[in-house]
Amino acid sequence: MGLTQAVLASMITDAAPAAYRGTAFGVFNLVSGAGLLLASAAAGFLWDEHGAAVAFWVGAGIAGAAALLSLVPHTALIRAASRVSEVERR
């Protein structure tokens, strides 16, 4: 998360209306924290019950799936970004 934190914060700043920017950052950090907590608990469970190798390979599989998903063009996100830029131009 250290490599992407500034990029994500910039995206939130650009996408959220000024009046709701604090709420947007709060929701982002809540969801990020919950995800990290669940991931750590799941990794700990896998490690305790099945060993370090299983925890590693499950993490590697999830990372690989995320990498593959990042290659899929997200046309809905591209459309949303173009709508935001159109609103900013007005």
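What's counted below: heavy atoms across the whole structure, side chains too, no hydrogens, waters or symmetry copies.
Under a 4.5 Å side-chain heavy-atom criterion applied to ILVMFWY residues, the cluster that includes Trp57 comprises Phe56 as well. Other members of the hydrophobic cluster containing Val27, listed by chain and number, are Val31; membership follows side-chain contacts under 4.5 Å among ILVMFWY residues, whether direct or relayed. Apart from Trp47 itself, the hydrophobic cluster it occupies contains nothing, where clustering links Ile, Leu, Val, Met, Phe, Trp and Tyr at side-chain heavy-atom distances under 4.5 Å.
Residue Val54 is grouped with residue Ile62 when hydrophobic side chains (ILVMFWY) are merged at heavy-atom distances under 4.5 angstrom, including chains of intermediate members. Both Phe25 and Val7 are part of a single hydrophobic cluster, where members link through side-chain heavy atoms under 4.5 Å apart.
Panel note: side chain Ser70, backbone Ala67; a donor-acceptor pair is recorded below 3.5 Å. Looking at Ser10, its side chain never comes within 3.5 Å of a backbone N or O of Ala6 through a donor-acceptor pair.
Pairing each heavy atom of Asn29 with each of Gln5, the nearest pair is OD1-NE2, 4.3 Å. Considering all non-hydrogen atoms of both residues, Ala55 and Ala43 come closest at CB-O, 4.0 Å.
Atom CZ of Arg21 and atom CD1 of Ile12 lie 10.5 Å apart (nearest 0.5 Å).
Evaluation of the side chain to side chain contact (heavy atoms under 4.5 Å, CB included) rule for Ala39 yields no partner, not counting sequence neighbours.
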